[in-house]
Amino acid sequence: MVFPKFRITGLCSSIRLSVRDMQSNPTTVRGAVDVRERRLMSTEIFINQGIHESRIAIVEEKRLAEIWVERPESERMVGDIYKGTVMAVLPSLQAAFVEVGLERTAFLQVRDMVEANSEEEDRSPRNGRRGRSLPNIQSLVRKGQEILVQIAKEPIGTKGARVTTQLALAGRFVVLMPGGDWVGVSRKISNHSERRRLRDIVRKACPEGFSVIVRTEGYRKSEKDFKRDLKQLVKVHERMEKRSKRAKAPALVHKELGMTTSVIRDLFTDNVDRLVVDSKPLHREICDYVKSVSPELKNRIEYFRDKRPIFDVVNIERELEKANDRNVSMRGGGALVIDHAEAGTFVDVNSARYVGTRDQEVSNLRTNIEAAKELARQLRLRDIGGIIVVDFIDMHEERNRKKVVEQMIEEAKKDRAKVSISPQISEFGLVEMTRQRVRPNLLHTHSEPCPTCHGTGRVLGPDTTLTKIERWMQRAYAANNERRFELRVHPEVVQ
């Protein structure tokens with residue numbers, strides 16, 4: 001089934017509607033928010049550095065919105081650049097498998113090998129070139145060839161990492177991309193004169209043979225700031241080039257910044273009210289970094305001096321304990337039931353103990369609106385990606401169903417991951433959506449399948465177990481005429 005999709009990208013500022021196979025004229029919605037506008041919500045970052053893991057919590061309006069966890073054995077890989085060897089080229093899939101030294105071979109698709117128009121940035125080609133159709137992958141790589149690839153998605157479950165040959169080095173204010181010749185500006189910067197100023201500055205400062213995207217944090221920055229950032233990224237690229245020439249594939253030639261440093265670089269902006277860290281060395285390191293790139297934010301960095309655990313004091317630990325629960329209670333009395341499957345994630349909205357008004361339609365609408373808000377938070381918090389199907393409480397009026405979808409779209413603007421939402425509730429009362437999957441979700445990070453039920457969450461009942469034992473005894477007797485058996489079973493089976 002093909003249906004129009006809303007695509008939401010960015011932290012909380014841009015929305016785009018892409019329409020496929022529509023009979024009527026497509027409508028485009030762009031709700032970019034100028035970064036000069038006053039932030040609408042309070043945002044805080046808390047960093048807990050332990051011996052075995054580091055955790056970063058993003059708190060919005062006093063509620064946990066995102067959690068990042070990094071352990072020595074599972075460091076983040078997105079952004080790492082490898083020198084790899086092409087192991088197989090599959091024309092039928094228009095993809096290739098690349099050996100980069102990980103547990104599983106990486107997956108490279110043809111669209112990740114050619115330069116295309118970005119969905120998140122407004123690119124301005126220097127020579128007026130337009131996008132072109134994708135070539136055959138056989139013309140781009142061959143088996144046994146050594147190539148540089150960058151991790152775009154971490155390995156998840158039985159799938160290997162997804163990689164791209166379109167390398168990108170992220171700085172504080174810009175993203176440097178070797179091999180291109182265009183300049184782009186983040187869509188979150190909506191002021192036309194400022195976009196033009198930034199593009200002119202970066203076009204002059206950018207060295208030959210590179211493309212550049214100006215990040216949102218580059219708003220109102222001076223030419224000196226951009227030159228310093230570009231100079232640093234060019235040095236990183238030069239070091240990477242030298243390593244790649246000396247290294248024998250497969251080999252890691254560039255390691256992306258650690259979780260803490262990258263989060264500070266990407267998320268600690270003027271929209272954040274304060275950043276609190278419980279490690280003195282890390283506090284000094286963050287202060288030194290921020291002082292060099294955004295000194296106006298230094299006074300928002302705090303060192304946590306309390307002897308109690310930082311996540312306990314700010315009530316984050318309590319929310320984390322519930323982060324993997326199947327049932328999520330809402331303040332209004334309704335509840336979400338979240339189930340994970342191989343094909344996707346399925347969410348059921350229940351009215352639970354919500355009483356509401358005498359008008360059932362109004363009650364259902366209020367519960368669904370609250371569910372849309374809570375669902376958006378849970379998707380970010382649990383980092384759930386892939387296909388997501390939501391079964392809202394039935395509503396008879398079309399305008400009410402439309403309000404629920406609009407609420408989901410509005411909430412999804414806060415998500416930094418790409419989100420696509422069907423523009424209407426289906427005839428079966430379902431809303432289909434997809435969310436960008438970059439790394440394993442919180443459930444896979446914090447838990448593993450039960451060795452007894454193998455992840456199904458169910459075991460055989462006493463009656464079924466009893467009949468299964470009876471059949472086993474019949475087979476054993478037929479095989480060797482054994483008449484004496486010793487059975488050790490659960491008390492419920494004995495009864």
Side-chain angles (χ1 to χ4, degrees), residues 1 3 5 8 63-67 69 153-159 318-354 364 366-395 401 404-405 407-409 411-412 414-415 417-422 424-461 464:
M1 175 180 177
F3 49 83
K5 291 184 178 180
I8 298 98
R63 298 195 73 193
L64 182 62
E66 292 186 50
I67 184 70
V69 181
K153 291 183 180 180
E154 294 185 5
I156 299 176
T158 59
K159 298 179 181 179
R318 185 182 303 172
E319 289 196 60
L320 277 178
E321 291 176 358
K322 302 177 182 177
N324 289 320
D325 288 353
R326 180 171 178 260
N327 292 277
V328 180
S329 298
M330 297 185 292
R331 293 177 178 177
L336 302 178
V337 181
I338 303 174
D339 288 310
H340 299 272
E342 187 70 22
T345 302
F346 302 88
V347 183
D348 184 40
V349 179
N350 292 330
S351 58
R353 55 186 174 81
Y354 179 71
N364 292 346
R366 289 179 179 175
T367 303
N368 285 338
I369 291 292
E370 185 181 10
K373 296 177 181 179
E374 183 61 29
L375 174 61
R377 189 178 79 93
Q378 290 295 327
L379 294 181
R380 292 175 61 198
L381 175 59
R382 303 178 185 221
D383 205 5
I384 297 174
I387 298 172
I388 303 161
V389 179
V390 189
D391 183 8
F392 285 101
I393 301 173
D394 290 339
M395 295 176 295
R401 293 195 290 269
V404 173
V405 176
Q407 186 66 54
M408 291 186 66
I409 294 169
E411 293 298 321
K414 303 173 186 176
D415 202 331
K418 296 178 184 177
V419 180
S420 296
I421 302 175
S422 59
Q424 59 186 7
I425 296 179
S426 73
E427 58 181 313
F428 302 111
L430 307 176
V431 172
E432 299 103 342
M433 62 184 295
T434 62
R435 185 176 182 272
Q436 181 185 21
R437 176 185 287 155
V438 176
R439 58 185 181 276
N441 62 43
L442 200 63
L443 180 67
H444 288 88
T445 302
H446 285 176
S447 64
E448 58 186 28
C450 169
T452 301
C453 70
H454 304 290
T456 65
R458 305 186 69 85
V459 295
L460 295 177
T464 305

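Please read these numbers as outputs of a predicted model, since none were measured by experiment. Nothing fancy with the numbering, it's 1 onward along the sequence.
Side-chain contact check for E66 versus L381: every heavy-atom pair is 4.5 Å or farther apart. Two residues are said to be in side-chain contact when any heavy atoms from C-beta on lie closer than 4.5 Å; L320 and I67 meet this criterion.
Panel note: side chain Q436, backbone K418; a donor-acceptor pair is recorded below 3.5 Å. Between the side chain of E370 and the backbone N or O of R331 there is at least one donor-acceptor pair closer than 3.5 Å.
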Residues R437, I156; criterion side chain to side chain contact (heavy atoms under 4.5 Å, CB included); working and verdict: CA-CA 9 Å; R437 176 185 287 155; I156 299 176; 3.1 Å; yes
Verdict with reasoning, I388 to T434, per side chain to side chain contact (heavy atoms under 4.5 Å, CB included): CA-CA 6 Å; I388 303 161; T434 62; over 6 Å; no
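Evaluation of the side-chain contact (heavy atoms from CB on, under 4.5 Å) rule for I425 yields M395, R401, V405, V431 as partners, not counting sequence neighbours. A search for salt bridge (charged side-chain N to carboxylate O under 4.0 Å, His left out) contacts involving R377 returns E319, E374, not counting sequence neighbours. Residues satisfying the side-chain contact (heavy atoms from CB on, under 4.5 Å) criterion with K322, sequence neighbours excluded, are D325. Taking R326 as the reference, D339 meet the salt bridge (charged side-chain N to carboxylate O under 4.0 Å, His left out) condition, with sequence neighbours excluded. Residues satisfying the salt bridge (charged side-chain N to carboxylate O under 4.0 Å, His left out) test with R318, not counting sequence neighbours, are none. Contacts of D383 classified as side-chain hydrogen bond (donor to acceptor under 3.5 Å, both in side chains), with partners at least two apart in sequence or in another chain: R435, R439. With sequence neighbours excluded, the residues satisfying side-chain contact (heavy atoms from CB on, under 4.5 Å) with A65 are E60, R380. In terms of the salt bridge (charged side-chain N to carboxylate O under 4.0 Å, His left out) criterion, E154 has no residue partners (sequence neighbours excluded). Residues passing the side-chain contact (heavy atoms from CB on, under 4.5 Å) test with D348, sequence neighbours excluded: V337, N350, D391.
With rounding to the nearest 0.5 angstrom, the CD1 atom of I369 is 9.5 Å from the CD atom of E411. Rounded to the nearest 0.5 angstrom, T345 OG1 and I387 CD1 are separated by 9.5 Å. Considering SG of C453 and CG of L460, their distance stands at 11.0 Å, rounded to 0.5 Å.
Remark: L430 CG is packed, more than 12 non-hydrogen atoms of other residues, nucleotides or ligands lying under 6.0 Å away.
For the pair V328 and R382, the tightest heavy-atom approach, listed with the atom from each and the gap, is CG2-NH2, 3.1 Å. The heavy-atom pair separating I421 from A412 by the smallest distance is CD1-CB, 4.1 Å. Between A372 and F392 the shortest heavy-atom distance is N-CE2, 4.2 Å. Across every non-hydrogen atom of S426 and E432, the tightest pair is CB-OE2, 4.2 Å.
For the pairing with V349, the side-chain contact (heavy atoms from CB on, under 4.5 Å) check across L375, I393, V404 returns one residue only, I393.
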